[in-house]
Amino acid sequence: LSSACQGHGSVFTGTKCCLPPPTTCVAGSMNGCDGKNQLWTGTYCCVDAAQQCYPSAVSDCKGPYTSFTGSQCCVPEDFKCWYGSNCEQQGASRAGVNCCSQQM
């Protein structure tokens, strides 16, 4: 665990990997948590900034500002999300079964 807890301002306490806020840590996988704004703690995938995350396959995590954790797709917390299809045609990102876009 301590070897995974490196970078992004992380601190290993001896039992936990702690990251500075705002950081969102959710379920994921080591191989899926490989974006430049992500850190695998050995238990969770942590994404920089406040995020909302939805269960997803990598194929359903598309568009600007999306981050795939290995099992979830995250978008910024201030995005508006709704159940839908054809997200890209609506100018939105796909996050699992949701379309998400910046609120104007």
- Query: Residues in side-chain contact (heavy atoms from CB on, under 4.5 Å) with Ser29, at least two apart?
  - Reply: none
- Task: Decide yes or no for Ser10 and Thr41: does some side-chain heavy atom of the first lie under 4.5 Å from some side-chain heavy atom of the second?
- Result: no
Per-pair distances, 0.1 Å, donor-acceptor, side chain in residues 45-64, under 3.5 Å, sequence neighbours excluded:
from: Asp48; atom 1: OD1; to: His8; atom 2: ND1; distance (Å): 3.3
from: Gln51; atom 1: OE1; to: Val75; atom 2: N; distance (Å): 3.4
from: Gln51; atom 1: NE2; to: Asp48; atom 2: O; distance (Å): 3.2
from: Gln52; atom 1: OE1; to: Tyr54; atom 2: OH; distance (Å): 2.7
from: Gln52; atom 1: NE2; to: Pro76; atom 2: O; distance (Å): 3.2
from: Gln52; atom 1: NE2; to: Glu77; atom 2: O; distance (Å): 3.4
from: Gln52; atom 1: NE2; to: Phe79; atom 2: O; distance (Å): 2.7
from: Ser56; atom 1: OG; to: Asp60; atom 2: O; distance (Å): 3.3

- Message: Closer than 3.5 angstrom, by distance alone: can the side chain of Gln38 be matched with the main-chain N or O of Phe68 as a donor-acceptor pair?
- Response: yes
- Message: Test side chain to side chain contact (heavy atoms under 4.5 Å, CB included) on Gln6 and Cys17; report intermediate values, then the result.
- Response: CA-CA 9 Å; Gln6 296 181 13; Cys17 184; over 6 Å; no
- Query: If you look at every heavy atom in Arg94 and Cys87, which pair is closest and at what distance?
  - Reply: NH2-SG, 3.1 Å
- Query: So how far is it from Trp40 CH2 to Asp34 CG, rounded to the nearest 0.5 Å?
  - Reply: 11.5 Å
- Query: Is Trp82 close to Ser101 at the side-chain level, that is, under 4.5 Å between some pair of heavy atoms?
  - Reply: yes
- Task: Output the distance between atom OH (Tyr65) and atom OG (Ser67), rounded to the nearest 0.5 Å.
- Result: 12.0 Å
- Find out whether Glu88 and Cys99 are in side-chain contact, i.e. whether some heavy atom of one side chain is under 4.5 Å from a heavy atom of the other. no
- What distance separates Ser93 OG from Asn98 CG, expressed to the nearest 0.5 Å? 11.5 Å
- Message: Let's go through Cys100 and Cys81 carefully: what are the C-alpha distance in whole Å and the side-chain angles of both, what is the deciding distance for disulfide bond (SG atoms under 2.5 Å apart) to 0.1 Å, and is it a yes or a no?
- Response: CA-CA 4 Å; Cys100 300; Cys81 296; 2.1 Å; yes
